[in-house]
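Reviewing the structure listed below.
Each ligand, and each atom within it, is numbered from 1 in the order the structure gives.
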Amino acid sequence: MHRIEIKKGDLVLADQDNATCAYIVEAGKIAIDDRASSTPTYSVGPGEMFGEYGIIGDAVHYSTAKALEDSILMVVTQEEIEEKSEQADPMVHLFLNFFMDRCHSLTVRSLGSDDQVQHFTSRRKHWQNNIQTIQEQLLEQFKLKDELERALANEEFVLHFQPIISLRGGFTAGFEALIRWQHPDRGLLSPFFFIDTAENTGMINAIGQWVFKESCRFSRIFNEKAANSRSPEIFISVNISARQFEEDDMVENFKASLEETGADPAKIQLEITESVLMTDTDRAQKMLYELKSMGFQIVLDDFGTGYSSLSYLHKFPIDKLKIDRSFTHSMLDDQDSQEIVRAIAGLSHNMDIEVVAEGIETMEQLSMYRDLDCHYGQGFLIAKPLPVDEVYGILGTRMKLNG
Ligand code: C2E
Ligand code: CA
Ligand code: CA
């Protein structure tokens with residue numbers, strides 16, 4: 001989207017001009033003479049749109065638009081709308097296409113035998129083919145949503161726990177709780193198959209609550225076992241989706257789970273992503289300070305992949321940063337990645353934030369993080385996410401860090 005300024009009396013578009021964009025009036029007034037409309041001439045002002053044929057079809061304009069005053073216009077291209085529509089919720093995408101189709105058929109009818117109609121129609125064909133795919137996706141999503149509801153009711157979800165070790169002493173410091181779906185027909189499913197749908201349909205709220213409560217329960221069990229074997233206390237790190245933060249009762253639900261399970265919030269970490277901080281900054285700040293005052297530790301997950309603006313960090317009570325595993329993967333071969341990792345490590349030390357390195361698969365990667373004085377490490381080299389009965393054997397163990 002870009003802006004243009006036009007002077008009073010200037011022509012913005014002429015009948016039969018190629019149509020590849022639409023215009024939104026930001027300031028000023030535009031007179032429209034529209035061949036496809038029953039009103040011969042009308043004017044549009046701030047917030048209104050014209051030239052929308054530029055978006056519904058790859059054709060020509062059927063109107064003339066002229067500035068009645070000096071005006072500022074926002075120009076929206078066909079590609080931009082298509083891209084945004086594809087990224088939207090499938091339901092919104094479907095509705096948008098439905099109305100575009102309606103609009104298209106009305107236009108074709110009103111233009112009758114226009115030479116351009118043929119071209120216009122062939123372009124809509126492409127959209128209609130897409131619609132079938134969207135409809136299928138939408139149906140698939142509805143089906144999966146029902147299945148997720150059933151899975152939750154039937155207790156088909158399980159948590160696996162991936163150890164997080166201290167890169168200083170090698171001992172197991174905590175575990176990240178990662179959800180799996182024990183599907184009755186398809187076996188154990190990774191979140192890859194269902195987390196996006198859970199997010200898109202809002203099911204993530206109920207699932208997230210279950211994950212949180214279950215994590216509280218295991219935090220207590222693991223810590224009791226650790227205490228019995230005189231091992232250091234351990235934390236459980238729980239992934240909290242950005243959508244959960246939109247719910248007004250999230251904090252209350254957390255409180256209720258803590259009470260029911262008797263878990264100690266000081267031994268629970270909440271993993272959030274940068275999108276939580278960027279969506280509604282004031283609200284996020286308030287909620288995070290509240291969670292912090294309850295005793296939780298806050299971890300910023302997938303760090304470096306999102307907005308990656310370090311300047312906002314001081315506004316939030318962040319205890320740990322998790323360097324995204326894509327950096328771990330590339331830092332030994334790619335100078336840019338290595339520089340980013342060094343910068344994150346340096347910055348965290350200055351801000352008194354601890355660093356967790358994710359996705360460690362080789363001893364070289366582990367050594368590099370140790371050289372950078374990062375605090376914690378997690379990855380397949382240390383251990384894969386484990387079912388709960390394998391966790392007990394790991395409590396109190398120490399990994400040899402020098403090859
Ligand atoms: P994440 O939060 O980044 O979790 C870490 C993912 O990296 C896990 O995938 C883990 O198995 C994988 N991983 C760990 N070490 C290595 C390694 O050395 N190499 C590689 N290549 N991968 C490694 P998983 O369990 O499949 O989870 C995928 C994502 O699903 C998670 O990414 C998280 O975003 C989401 N997720 C999982 N459980 C939950 C949950 O309970 N709630 C929410 N909201 N999201 C969850
Ligand atoms: Ca995580
Ligand atoms: Ca991560």
Are any of the N/O atoms on Arg325, whether in the backbone or the side chain, positioned under 3.5 angstrom from an N/O atom of ligand 1?
yes
Would you say Val356 and Cys374 make side-chain contact, with heavy atoms under 4.5 Å?
no
Report the C-alpha distance between Phe175 and Phe235 in whole Å, list the side-chain angles of each, state the deciding distance to 0.1 Å, and finish with yes or no for ring pair (Phe, Tyr, Trp, His ring centres under 6.0 Å).
CA-CA 6 Å; Phe175 295 88; Phe235 60 77; 8.5 Å; no
Are any non-hydrogen side-chain atoms of Leu270 and Val299 less than 4.5 angstrom apart?
no
Any side-chain donor paired with an acceptor under 3.5 Å for Glu176 and Ser237?
no
In the protein, which heavy atom is nearest to atom 38 (N) of ligand 1, and how far is it?
Ile179 N, 3.1 Å
Region of Ile360 engaging ligand 1 - heavy atom pairs below 4.0 Å
backbone
Would you check whether His160 reaches within less than 4.0 Å of ligand 1, judged by its heavy atoms?
no
Can you tell which part of Leu381 has a heavy atom less than 4.0 Å from ligand 1: side chain, backbone, both or neither?
neither
Numbered in order shown, the ligand 1 atoms found under 4.0 Å of a heavy atom of Ser241 are 44 (N)
Taking the Ca ion (ligand 2) as the centre, how many protein N/O/S atoms fall inside a distance shorter than 3.0 Å?
4
Check whether the ring centres of Phe157 and Phe194 lie less than 6.0 Å apart, and answer yes or no.
yes
How far is atom 11 (O) of ligand 1 from its nearest protein heavy atom, and which residue and atom name does that atom have?
Pro385 CG, 3.4 Å
Looking only at heavy atoms of His329, does any of them come nearer than 4.0 Å to an atom of ligand 1?
no
Considering only protein heavy atoms, which is closest to atom 21 (N) of ligand 1, and at what distance to one decimal place?
Glu361 OE2, 3.2 Å
Which segment of Lys384 sits under 4.0 Å of ligand 1 when only heavy atoms are counted
neither
Could you say whether the N/O atoms of Glu176 and ligand 1 ever approach to under 3.5 Å?
yes
4.0 Å protein heavy-atom contact status of atom 9 (O) of ligand 1, strictly under:
no
Should we count CG of Asn154 as having more than 12 external heavy atoms under 6.0 Å?
yes
In terms of side-chain geometry, is the basic nitrogen of Glu260 or Arg217 positioned less than 4.0 Å from the acidic oxygen of its partner?
no
Determine whether more than 12 heavy atoms belonging to other residues, nucleotides or ligands lie under 6.0 Å from atom CZ of Phe142.
no
Contacting atoms of ligand 1, where contact means under 4.0 angstrom from a heavy atom of Asp301:
2 (O)
Measure from atom 34 (O) of ligand 1 to the protein's non-hydrogen atoms and state whether any distance is below 4.0 Å.
no
Taking the side chain as everything from C-beta on, heavy atoms only, tell me whether Ile340 gets closer than 4.5 Å to Phe327.
yes
Looking at Glu149 and Lys145, is any side-chain nitrogen of the basic one under 4.0 Å from a carboxylate oxygen of the acidic one?
yes
Any idea which atoms of ligand 1 are less than 4.0 Å away from a heavy-atom of Val211?
41 (O)
Do any nitrogen or oxygen atoms of Gln244 come within less than 3.5 Å of a nitrogen or oxygen of ligand 1?
no
CD of Glu361: more than 12 outside heavy atoms within 6.0 angstrom?
yes
Determine, using ring centers only, whether Tyr376 and Tyr369 are less than 6.0 Å apart.
no
Under a 4.0 Å N-O cut-off, is there an ion pair linking Lys84 with Glu80?
no
Check the surroundings of atom CE in Met1: do more than 12 heavy atoms from other residues, nucleotides or ligands lie under 6.0 Å from it?
no
Could you walk me through whether Gln209 and Lys213 satisfy the side-chain contact (heavy atoms from CB on, under 4.5 Å) test, starting with their C-alpha distance in whole Å, then the side-chain angles of each, then the deciding distance to 0.1 Å, before giving a yes or no?
CA-CA 6 Å; Gln209 266 181 50; Lys213 191 168 167 189; over 6 Å; no
Determine, using heavy atoms of Gly359 and all atoms of ligand 1, whether some pair is separated by less than 4.0 Å.
yes
Among all protein non-hydrogen atoms, which one is nearest to atom 22 (N) of ligand 1, and what is the separation to 0.1 Å?
Phe380 CZ, 3.4 Å
For atom 31 (C) of ligand 1, what is the closest protein heavy atom, and at what distance to 0.1 Å?
Leu178 CD2, 4.4 Å
Lys225 charged N/C atom sitting above Phe222 aromatic ring, 6.0 Å / 45°:
no
Sequence neighbours left out, what pairs pass side-chain hydrogen bond (donor to acceptor under 3.5 Å, both in side chains) with at least one residue falling in residues 286-302?
Lys292-Asp319
Checking a contact table here: which protein heavy atom is nearest atom 14 (C) of ligand 1, and how many Å away?
Gln162 OE1, 3.0 Å
Nearest non-hydrogen atom to atom 30 (O) of ligand 1 belongs to which of Ala177, Ser326, Pro191?
Pro191
Residue part near ligand 1, for Arg180, under 4.0 Å between non-hydrogen atoms:
side chain
Below a 4.0 angstrom heavy-atom separation, can you tell me which part of Asn239, side chain or backbone, both or neither, approaches ligand 1?
both
Does Gln378 come within less than 4.0 angstrom of ligand 1, counting non-hydrogen atoms of the residue?
no
If you measure from the Lys or Arg side-chain nitrogens to the Asp or Glu carboxylate oxygens, is any gap between Lys29 and Glu69 under 4.0 Å?
no
Out of all atoms in ligand 1, which are within 4.0 Å of some heavy atom of Asp302? Include the element for each.
3 (O)
